[in-house]
Amino acid sequence: MVTVTESHGAARLAVGLLAGTILGGLPVLAHAQEAAPAPQASTAPASAPQPGTPPAAPATPAPEQSRVIKSIRVEGSQRIEPETVLSYTKLRIGDNFTNETLDRAIKDLQASDLFADVQIEGALTGDIVVRIRENPIINRVIFEGNRRLKQDKIDKEIKLKPRQIFTRTAVRQDVQRIIELYRRQGRFAASVSPKMVSLDQNRVDVIFEVNEGPKSQVRQINIIGNNVFSDAKLRAQMATKQARLLTLLSSNTGYDQDRLAYDQQKLRQFYLTEGYADFKVISAVAELTPDKRDFIITYVVEEGKRYKFGDVTVDSDIRDFDNKRLAASLPARKGDWYNAKKVEDSIEQINNTAGLYGYAFSDVNPQYRPDRDALTLSIEFHIEQQQRTYVERIDVNGNTLTQDKVIRREIRLNEGDAFNRFLVKRSQDRINSLGFFQDKLEIKEKPGTAPDRVILETNVEERSTGELNLSVGFSSLEQFVVQAAVRQRNFRGKGQELRLSGSYSQFARSVEAGFTEPYLFDRNIGLGFDIYRRDYNNFNFLNSNRNNTYSQVSTGFSVRVGVPLTEYWSLSGRYTLQQDQIGLGANFFDQNGQCDVLTAGRFLCEQLGTRVTSAIGFTLLYDSLNSRLRPTAGRRLSINADLAGLGGDVRYARLATNFSQFKSIGAGFILSFQAEGGYIVPLQGGPAPGVDPIRINDRFYLGEPNFRGFQIRGVGPRVLRAAFIDDPVTGAQIVDPNRRNYQDDAIGGRTYYHGRIELELPLGSGARELGLRPSIYTDIGALFGVRRPLPTANFVRGANPITGRDEVLPFCQLGTLGVTGRDPALPGSGLLACLDGTGTVVAQPIAAFSEQFVGDTPLPRISVGIGVNWNSPFGPLRIDVARAIVSRFGDDTKLITFNVGTQF
């Protein structure tokens, strides 16, 4: 309503009220200009209308007269300059104005969101006064009650910020934004109450009081109209799961609108792969329960009839194709149940085939011909005529550290070459295998400047290739492990590898340095070298405890060079010069500094000394894996041969092979098969009778971690030493039957084989983000082929001179086999002693023991198990639970193994 402030009498006020303009919805008043005096009402009675005379037309109001703005003044501004206030209006001195002009000015000022109240006065005189009350400034934005949603995440979504102007509209909008954030988390019962606390200097604190409420779960998923498949079968296809005890840890039990649409697509895909081509989802309704805690989702579906493939043909406008042969090779075959996935695979196969012929942009259109009486669906794949394409340009984008040539040398096509999709895919795999860039890199094919030109665009996103590892971990193999390593896999952006590492544990210490140049002088020749020193302490088992036996210190270097033979085959050669020093602890030597064979064992005493190995070798490698880091397809075969004897003290020939194959079998399952084996041929005789010519440190060993279900070095030839005890029942002397009390020494073998079949299991997106990769597997293998070692001592059976009992007698090194009397120092003890001819004790006898050589057999050992890899915050973790279902006497089995903080 327009209010007149000047006092001109009641009559003029009435006229002003009648002539004013109502501003609907505006909380402020505008002042109208002074109106003309109203005419006096006539006192004469109105004449009655004559019969047949039409009624008089209503009077037309006179048009509103415009006035001139004489002056403009702004009152109430504090922070905002008057000129800025007037800039939001069209009011200017000297311009004509009407009540509508003033109304528009008020609306414009309100729309700026700068003012809490606006009034315009002086409409009657032309001296316009704009009175404003500015909106306050936000001092702080405070959240209370938000436990599930942190403030930094809310701050990114809302518009209100400190030092901004406060408006109620912005508050209402931010309330809706916060509620939407909670709904995305599945908390549909969340509510937000905004409050404003006034401060001095026209400032306010804005407080959002949040009541998060419970997380809304999917209580029930109902499906109506399904006759062929059960509700449980269809629910299993959906990403959304019902809230049950078994799904307590699942993140998919909450309601999500996008997931609801996705589930409809999953249902349709499932039915289309089962032959129901007419399947429809009639409706999908999600109802929120009155307490806003749960959702009930109801799907209404129409399954339709099940179809089989009819005739599957190919109609190609490209002359290079043999339509009949191509149709016969497609996954979709006549007589099979209709499967939309096979149709997609057929289209992809046709596109790949076209790509092999150089057609980058083949257009395949499947044309369906349903026969609803015979319930068949015939398909004709029509291939449009295309021009053979050539590579116009290869673009590499996104590499800031890696040089262009490092990427381009992995691309198997050059600019100007005929397009070939197989080579594009191969290039993509080779770039991925570098490990320098993001996962699942793709080379995009874009149209060139002409219809027969294609641009290959490689967009990479570099990842960190430098590694600095300082870790302390625990391994079931080596107990506590301390490691330090510096490695750069893309040194100077040239694809070179530089590494320096050191480790320390109870059984091993090492320092290593190495460098690899994959393209020497920009030619496809690899060159590398390694320098190392490795200290290794071997151990045996006694009373289930590991005890150090012999130590091996290896110092040396190796140089290697490699060249490719074909796209998949490569050949590399190497030379290694290494010095090995094998020693024993002081407790294994007698007073004369000689190795005590009765304590250490003859087979260890025979290995002591320092030897130099000078060896050359080569590796023939076939590699078609799609990734060297985590392959899902392809195979790899390596044949390694080494010849030692070009100088040095050691002479042997060694051959080892390793084969692995990976295949994705659908639904996220990855099946892998691995097989390896090796054989060593000595090129010199043994140093003594009963001594194997291959040193103990050059032999093969088999067990954890490669052969899960067995201890480290737990498979193959070994020497078991057991003591004699008295049978508690009969009193007779027997070998201790408790295997845990045996001394167990693995001595390796010359020949081994090992195979593994493993199935990697898919997990949900949440588990994949955590880096969890479970798998089930079975291992089979054996280690054998070493010369039987001579027995450590030849004990004799005879009558105990004290007890008279027939038994295996202790061994006297300085006397004869057996003893001749009691220990004079302990005449009542019943202990025997080694006496000389005068009856003087010269030594304590060695207690008799049984020594067995076991495990030297090619018969297979088999284990089955389940394991999981986890990229944990503490480093990579591998846990395996494996059980040996076939083992041989002497093998050391193990159920659970794990490694933390080391690579595996």
Side-chain angles (χ1 to χ4, degrees), residues 318-321 326 347-364 383-462 490 493-495 518-526 562-570 621-629 631-636:
I318 301 176
R319 296 180 180 179
D320 296 325
F321 291 169
L326 182 57
I347 294 175
E348 183 179 0
Q349 182 174 324
I350 294 173
N351 284 327
N352 290 336
T353 304
L356 293 177
Y357 283 92
Y359 300 96
F361 307 108
S362 58
D363 188 6
V364 181
I383 309 174
E384 299 287 348
Q385 177 65 45
Q386 298 289 334
Q387 287 184 312
R388 194 183 300 272
T389 50
Y390 297 86
V391 178
E392 176 180 340
R393 193 173 70 250
I394 300 176
D395 293 338
V396 177
N397 306 316
N399 54 315
T400 57
L401 172 65
T402 307
Q403 297 183 7
D404 264 23
K405 66 178 183 180
V406 174
I407 302 173
R408 291 182 181 274
R409 67 195 183 195
E410 302 298 331
I411 299 177
R412 317 322 284 170
L413 287 167
N414 294 316
E415 295 174 352
D417 288 353
F419 175 82
N420 188 306
R421 181 165 281 110
F422 172 78
L423 295 180
V424 173
K425 179 65 169 59
R426 178 60 181 164
S427 304
Q428 182 176 297
D429 291 343
R430 289 179 65 93
I431 296 175
N432 276 324
S433 293
L434 292 175
F436 302 162
F437 311 107
Q438 80 281 9
D439 294 334
K440 299 182 179 179
L441 175 143
E442 292 185 4
I443 299 178
K444 297 182 179 179
E445 304 157 12
K446 293 189 173 182
T449 57
D452 62 343
R453 295 291 183 267
V454 62
I455 297 174
L456 300 181
E457 185 177 80
T458 306
N459 296 314
V460 301
E461 181 181 338
E462 290 186 315
N490 190 13
K494 295 184 176 182
Y519 278 76
L520 185 63
F521 305 123
D522 291 330
R523 296 180 177 274
N524 205 352
I525 300 175
V563 295
L565 302 178
T566 66
E567 176 62 28
Y568 297 107
W569 288 95
S570 63
L621 176 66
Y622 174 86
D623 189 352
S624 65
L625 298 179
N626 62 346
S627 172
R628 295 189 183 98
L629 302 178
T632 59
R635 58 178 61 93
R636 190 176 191 273

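Keep in mind it's a predicted model, so treat the numbers as computed, not measured.
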**Q.** Asp623 versus Ser570, side-chain donor and acceptor atoms under 3.5 Å
**A.** no
Q) Quick one: CD1 on Ile455 to OG1 on Thr449, what's the gap to the nearest 0.5 Å? A) 7.0 Å
**Q.** Donor-acceptor side-chain pairing of Asp404 and Asn399 below 3.5 angstrom
**A.** yes
Q.
Among Glu392, Arg393, Lys446, Glu445, which residue satisfies the side-chain contact (heavy atoms from CB on, under 4.5 Å) criterion with Val454?
A. Glu445
Q: Please determine, by modelled atom types, if Glu457 and Asn459 share a side-chain donor-acceptor pair under 3.5 angstrom.
A: yes
(Q) Regarding Arg426 and Glu410, does a basic nitrogen lie under 4.0 Å from an acidic carboxylate oxygen? (A) no
Q | Sole candidate of Val391, Asp429, Ile443, Ile411 that passes side-chain contact (heavy atoms from CB on, under 4.5 Å) when paired with Val424 | A | Ile443
Q. Within 45° of the six-membered ring axis of Tyr519 and under 6.0 Å from that ring's centre, is NZ or CZ of Arg409 located there?
A. yes
Q | Any donor-acceptor N/O pair, Asn414 side chain to Asp417 backbone, under 3.5 Å | A | no
Q: Answer with yes or no whether the side chains of Asp452 and Thr389 bring together a donor and an acceptor at under 3.5 Å.
A: no
Q. Do we see a donor-acceptor contact under 3.5 Å between the side chains of Thr402 and Asn490?
A. yes
Q. With under 30° as parallel and over 60° as perpendicular, where do the rings of Phe321 and Tyr359 fit, or are they tilted in between?
A. perpendicular
Q. If you draw a 6.0 Å radius around CD in Glu442, do more than 12 non-hydrogen atoms from other residues or ligands fall strictly inside?
A. no
